[in-house]
There are 2 protein chains.
Amino acid sequence: MEELKEKLKVKGLKLTPQRRATLEVLFNNQGQHLNTEEIYAIVKEKCPEIGLATVYRTLQLLDEMGLISKLNLDDGCSRYEFNNHDEDHQHHHLICQSCGAVIEVELDLLDQLEEAIEKEYRFRIKDHKVKFFGICSNCD
Amino acid sequence: MEELKEKLKVKGLKLTPQRRATLEVLFNNQGQHLNTEEIYAIVKEKCPEIGLATVYRTLQLLDEMGLISKLNLDDGCSRYEFNNHDEDHQHHHLICQSCGAVIEVELDLLDQLEEAIEKEYRFRIKDHKVKFFGICSNCD
DNA sequence: ATTTTATTTGAAAAGGGTTATTATTTGAGA
DNA sequence: TCTCAAATAATAACCCTTTTCAAATAAAAT
Ligand SMILES: [Mn+2]
Ligand SMILES: [Mn+2]
Ligand SMILES: [Zn+2]
Ligand SMILES: [Zn+2]
């Protein structure tokens, strides 16, 4: 939360109750992948006067600032999750093609691939998004 | 094209000129990542009577059949590319955060990670989508 | 504490990619 | 050729997201 305040100040932006509350919802729901409507519903509990447009704007802002990540599950809406600073990279996702479950993968194991890319393509990697599709243990 | 005919027949679906033409456009524009409107415009050259809704339906169908792949670049629309059967997996993409360039990566190098996932999570991997974000050599 | 000012907000409208509807056409097997 | 389920074109509807704009407000200046 202090980090949010600092990053906002640098850009001349304000720390509002709405922004604070929205970030708190993401922080308190780690491991889930909530869409904007779901986040809106939860934020309203603590911040009943907030508007849906503000939630959209805030999520966009928090994503640009790197505090949260957007996730696309091809279900017609954007989903978000809190960026845990303990992990140095965004974690990977396993998506079950049978039941739709989304599983978090803590393993990174991309160092070899990233090194090869940086060398071969002279591309400086800042971030990545990795999704694996298949059948989860419950469905197998 | 023969593969399309076979896969359609299995499901009791028809091989129409519209489907044929749409797949040909993707085949003839490999290396690009066209959105639906762009594909529609090109298909119209050979198939002027085709409707936009048919292009949407066909791209969805070809994606489900595994003949093409959908790509999300967070620019408000879906993009597609032909699945080259020479590659056994979908290739990775490098996305420049400065100029927006999209670069194809032929290296796979995910075997180690995929093996670890199959073992540790008992998840049978069928496919993957991997995007790297950073700065390309032109912008660096 | 008061004033100032650029930023932010809520409500509602607009936007825009995608999907659904429906009457008509058509591919492909009999 | 006949038959019929599947596909199409045109258009309306859908729905997630962004924009608009007047009012409110955080935060710096006084
Ligand atoms: Mn996650
Ligand atoms: Mn590609
Ligand atoms: Zn499953
Ligand atoms: Zn670039």
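Please read all numbers here as calculations on a predicted model, not as lab measurements. So you know, we letter chains A, B, ... as the sequences are listed, proteins then strands, and number each from 1.
The hydrophobic clustering, which links ILVMFWY residues whose side-chain heavy atoms are closer than 4.5 Å, places B:Tyr56 and B:Ile50 together.
Here the side chain of A:Ile50 is nearest to one of D:dA7, D:dA27, C:dG10, namely C:dG10. Among the nucleotides C:dT7, D:dA7, C:dG29, the one closest to any side-chain atom of B:Lys9 is C:dG29. Checking D:dA9, D:dC16, C:dT19 against the side-chain heavy atoms of B:Gln60 singles out C:dT19 as nearest. Out of C:dT19, D:dT17, D:dA9, the shortest distance to the side chain of A:Thr36 is found at D:dT17. Side chain of A:Thr54, nearest nucleotide from C:dG10, C:dT26, C:dG17: C:dG10. Side-chain proximity of A:Thr16 to C:dT8, D:dA27, D:dT8: nearest is C:dT8.
Between A:Lys44 atom NZ and C:dA11 atom P the separation is 8 Å, expressed in whole Å. A straight line from NZ of B:Lys5 to C1' of D:dA7 spans 17 Å, rounded to a whole angstrom. Atom CG of B:Leu52 and atom P of D:dA12 are 15 Å apart (whole Å). B:Arg19 places its CZ atom 11 Å from the P atom of D:dA6, with the value rounded to the nearest Å. Nucleotide D:dA7 holds its P atom 12 Å from the CG atom of B:Leu62, rounded to whole Å. Following rounding to the nearest Å, B:Leu13 (CG) and D:dA5 (C1') show an atom-to-atom distance of 11 Å. Separating the CD1 atom of A:Ile39 from the P atom of D:dC16 is a distance of 14 Å, rounded to the nearest angstrom. Going from atom CG of A:Asp75 over to atom P of C:dT19 covers 12 Å, rounded to whole Å.
In this structure a side-chain-to-backbone donor-acceptor pair under 3.5 Å is present from A:Arg79 to A:His33. When atom types are taken as modelled, the side chain of B:Glu114 and the backbone of B:Asp111 share no donor-acceptor pair closer than 3.5 angstrom. Here the side chain of A:Arg20 pairs no donor or acceptor atom with the backbone of A:Leu4 at under 3.5 angstrom. Listed for the B:Asp127 side chain is no donor-acceptor partner under 3.5 Å among the backbone atoms of A:Phe133.
Side-chain N/O atoms of A:Arg57 and base N/O atoms of C:dG10 include a donor-acceptor pair closer than 3.5 Å. At a cut-off of 3.5 angstrom, counting only N and O atoms as typed in the model, there is a donor on one side and an acceptor on the other between the side-chain of A:Lys14 and the base of C:dT7.
The stretch residues 20-33 of chain A does not touch DNA chain C, since none of its heavy atoms comes less than 4.0 Å from the strand.
Within 4.0 Å of B:Glu37, counting heavy atoms only, lies no atom of the nucleic acid at all.
When each of A:Ala53 and B:Ala53 is assigned the nucleotide of DNA chain C with its nearest heavy atom, A:Ala53 is the one assigned upstream, toward the 5' end. Comparing A:Tyr40 and B:Cys77 along DNA chain C, the residue whose closest nucleotide (by nearest heavy atom) sits nearer the 5' end is A:Tyr40.
Remark: the A:Thr54 side chain and the A:Arg57 side chain contain an N/O donor-acceptor pair separated by less than 3.5 Å.
Comment: B:Lys7 engages B:Glu3 in a salt bridge, judged by a side-chain N to carboxylate O separation of less than 4.0 angstrom.
Within the 4.0 Å cut-off from OP1 or OP2 of D:dT18, not a single side-chain nitrogen or oxygen of A:Tyr56 is found. Between C:dG10 and A:Gln18, a contact under 4.0 Å exists linking OP1 or OP2 to a side-chain N or O.
Aromatic ring orientation, B:His92 versus B:Phe132: perpendicular (interplanar angle above 60°, classes split at 30° and 60°).
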